[in-house]
Amino acid sequence: MNERIDGHTLLIGLMAYPIRHSMSPTMHNNAFAKLGLNYAYLAFEITSEKLPAAIDAIRTLDMRGSNISMPNKQTVIPLLDKLDPAAEMVGAVNTVVNNNGILTGYTTDGTGFMKSLADENLNIIGEKMTLSGAGGAGTAIAIQAALDGVKEISIFNQHDKLWSNAQRNVNVINEKTQCKATLYDFEDPDIFKSEIADSMIYCDSTGVGMKPLEDMALVSDPSWFRPDMIVFDTVYAPRTTELMRVAKTAGVKHIFNGLGMMLEQGAEAFKLWTGEDMPVEYIREQLFS
Ligand code: NAD
């Protein structure tokens with residue numbers, strides 16, 4: 001790192017709170033070093049109160065940009081100059097690019113999800129997906145999948161504060177894309193089971209399976225899954241979730257945690273800042289093997 005930093009090094013940030021656990025600084029700095037790019041990526045603990053000053057600092061310090069994570073993904077929007085159309089539809093930003101003081105917001109979580117499937121030679125375009133959750137991850141996944149041409153999405157959410165977000169996602173998808181989206185709650189297990197049975201992919205974006213719910217899965221009966229389907233959990237810590245264990249018992253061939261999505265959302269942001277392709281396989285080996 002010391003050998004790389006000089007008077008021309010461009011700074012990229014990560015603005016969130018809490019953030020010290022993030023793998024993004026290691027991921028991006030390893031990729032810059034591998035490609036010999038003169039950038040440095042640093043994590044900053046930025047609460048909602050500090051966000052306006054932090055975004056202004058991107059302009060003042062002529063930073064190349066920043067990743068944005070919780071709790072700032074929505075509140076950052078009015079502080080930016082422009083919004084990519086997908087970020088506008090998702091209503092959240094996880095990447096900011098600074099072009100001569102003009103800050104544009106993007107979302108790369110959804111493209112990261114789709115790219116992580118493409119990396120495994122899996123194509124869900126024209127297929128049906130059942131998706132649990134409509135928070136940050138679930139919204140990005142649903143909207144990008146719909147934009148990319150997934151035919152039908154059945155979204156399940158519990159009646160909590162994210163229910164209205166789930167309603168909004170379904171409306172946006174039905175109004176602005178060719179995809180047919182339907183919202184259900186989890187109350188009737190027969191509907192949940194039959195929607196999964198009818199889908200090529202089941203994706204859980206709820207975080208159930210992560211601490212403190214690491215022994216839980218929204219689907220606990222292996223007979224709900226078919227061996228030829230895809231089961232995707234956005235959780236990446238732990239690496240194997242209870243849902244993934246249930247899918248394994250069912251003999252499901254394509255079972256994924258959220259690491260591939262994490263890597264590809266980072267690669268997408270990396271490309272936006274540097275114009276270069278992240279050396280994804282190298283980073284996958286460095287970080288995840
Ligand atoms: P969020 O709080 O914005 O949304 C959580 C969603 O899960 C909501 O729809 C909520 O209604 C639902 N939910 C919560 N508890 C539930 C329960 N007990 N039963 C049923 N539904 C429940 O969270 P988020 O930012 O979308 O993150 C969700 C998960 O996705 C986390 O595990 C996070 O680490 C992961 N994630 C992964 C990536 C990646 O790149 N792999 C990116 C973003 C988030």
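In each ligand, atom 1 is the first atom listed, and ligand 1 is the first ligand listed.
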Examine Q265 against ligand 1 and note whether any of their N/O atoms are separated by less than 3.5 Å.
no

Just jot down the ligand 1 atoms closer than 4.0 angstrom to any heavy atom of L218, in number order.
19 (N), 20 (C)

Which of the numbered atoms in ligand 1 are below 4.0 angstrom from a heavy atom of F186?
20 (C)

Is the shortest heavy-atom distance from the side chain of T130 to the side chain of E152 under 4.5 Å?
no

Answer with side chain, backbone, both or neither: which part of A140 has a heavy atom less than 4.0 angstrom from an atom of ligand 1?
neither

Looking at atom 2 (O) of ligand 1, is any protein heavy atom nearer than 4.0 Å to it?
no

Give the atoms of ligand 1, by number and element, whose distance to some non-hydrogen atom of N157 is under 4.0 Å.
8 (C), 9 (O), 11 (O)

Numbering the atoms of ligand 1 from 1, which are under 4.0 Å from a heavy atom of G258?
39 (C), 41 (N)

Checking K73 against D109 for the salt bridge (Lys or Arg N to Asp or Glu O under 4.0 Å) test, could you report, in this order, the C-alpha distance in whole Å, the side-chain angles of both residues, the deciding distance, and whether it holds?
CA-CA 11 Å; K73 282 185 170 184; D109 284 331; 2.9 Å; yes

I'd like to check whether A134 has a polar contact with ligand 1, where a contact means an N/O of the residue lying under 3.5 Å from an N/O of the ligand.
yes

Measuring from atom 10 (C) of ligand 1, which candidate in D160, V235, V208 has the nearest non-hydrogen atom?
D160

Looking only at distances, please establish whether an N/O atom of ligand 1 is found under 3.5 Å from an N/O atom of G136.
yes

Counting only heavy atoms, which portion of M262 has something under 4.0 Å from ligand 1: side chain, backbone, both, or neither?
both

Below 3.5 Å, can you tabulate the donor-acceptor pairs from side chains in residues 43-55 to any protein atom, sequence neighbours excluded?
from: T47; atom 1: OG1; to: E49; atom 2: OE1; distance (Å): 3.2
from: K50; atom 1: NZ; to: E45; atom 2: O; distance (Å): 3.3

Tell me: protein heavy atom nearest atom 4 (O) of ligand 1, and distance?
G135 CA, 3.3 Å

Can you find an N/O atom of T234 closer than 3.5 Å to an N/O atom of ligand 1?
yes

Numbered in order shown, the ligand 1 atoms found under 4.0 Å of a heavy atom of G133 are 9 (O)

Considering only the protein, which heavy-atom contact is closest to atom 20 (C) of ligand 1, and what is its distance?
Q158 OE1, 3.4 Å

If you measure from the Lys or Arg side-chain nitrogens to the Asp or Glu carboxylate oxygens, is any gap between D81 and R59 under 4.0 Å?
yes

Would you mind checking if R245 and E242 are paired as a salt bridge, meaning a charged N to carboxylate O distance below 4.0 Å?
yes

Region of Y236 that comes within reach of ligand 1 [heavy atoms, distance under 4.0 Å]
side chain

Could you check whether any side-chain heavy atom of P227 comes within less than 4.5 Å of a side-chain heavy atom of V252, counting everything from C-beta outward?
no

Would the Y184 and F192 ring centres measure less than 6.0 Å apart?
no

Which option, S205, G209, S69, A137, owns the non-hydrogen atom nearest atom 28 (C) of ligand 1?
S205

Within the protein, is there a heavy atom lying under 4.0 Å from atom 33 (C) of ligand 1?
no

Check this for me, if you would: do D190 and K193 make a salt bridge, where the nitrogen-to-carboxylate-oxygen distance has to be below 4.0 angstrom?
no

Would you call V231 and F256 a side-chain contact if the rule is heavy atoms closer than 4.5 Å?
no

Closest to atom 42 (C) of ligand 1 (judged by heavy-atom distance), picking from E264, M261, M70:
M261

Under 4.0 Å, heavy atoms only, figure out whether ligand 1 is touched by the backbone of W163, its side chain, both or neither.
neither

At under 4.0 Å between heavy atoms, is it the side chain or the backbone of M210 that contacts ligand 1, or both, or neither?
side chain

min-distance protein heavy atom vs atom 31 (C) of ligand 1 -> G207 CA, 3.9 Å

With backbone taken as N, CA, C and O and side chain as the heavy atoms from C-beta onward, which portion of T206 lies under 4.0 Å from ligand 1: side chain, backbone, both, or neither?
both

Are side-chain heavy atoms of M129 and S199 found at a separation under 4.5 Å?
no

D198/K128 ion pair, N-O < 4.0 Å
yes

If we number the atoms of ligand 1 from 1 as shown, the ones under 4.0 Å from a heavy atom of L162 are 8 (C), 9 (O), 11 (O)

Carboxylate-amine/guanidinium proximity below 4.0 Å for E268 and K271
no

May I have all residue pairs that pass ring pair (Phe, Tyr, Trp, His ring centres under 6.0 Å) and include part of residues 226-253, sequence neighbours excluded?
F113-F232

Can G112 be said to touch ligand 1, with heavy atoms closer than 4.0 Å?
no

For ligand 1, which part of N165 has a heavy atom less than 4.0 Å away: the side chain, the backbone, both, or neither?
neither

Side-chain H-bond candidate by donor/acceptor type, S69 with Y17, under 3.5 Å
no

Is it true that D185 and N157 share a donor-acceptor pair across their side chains at a distance under 3.5 Å?
no

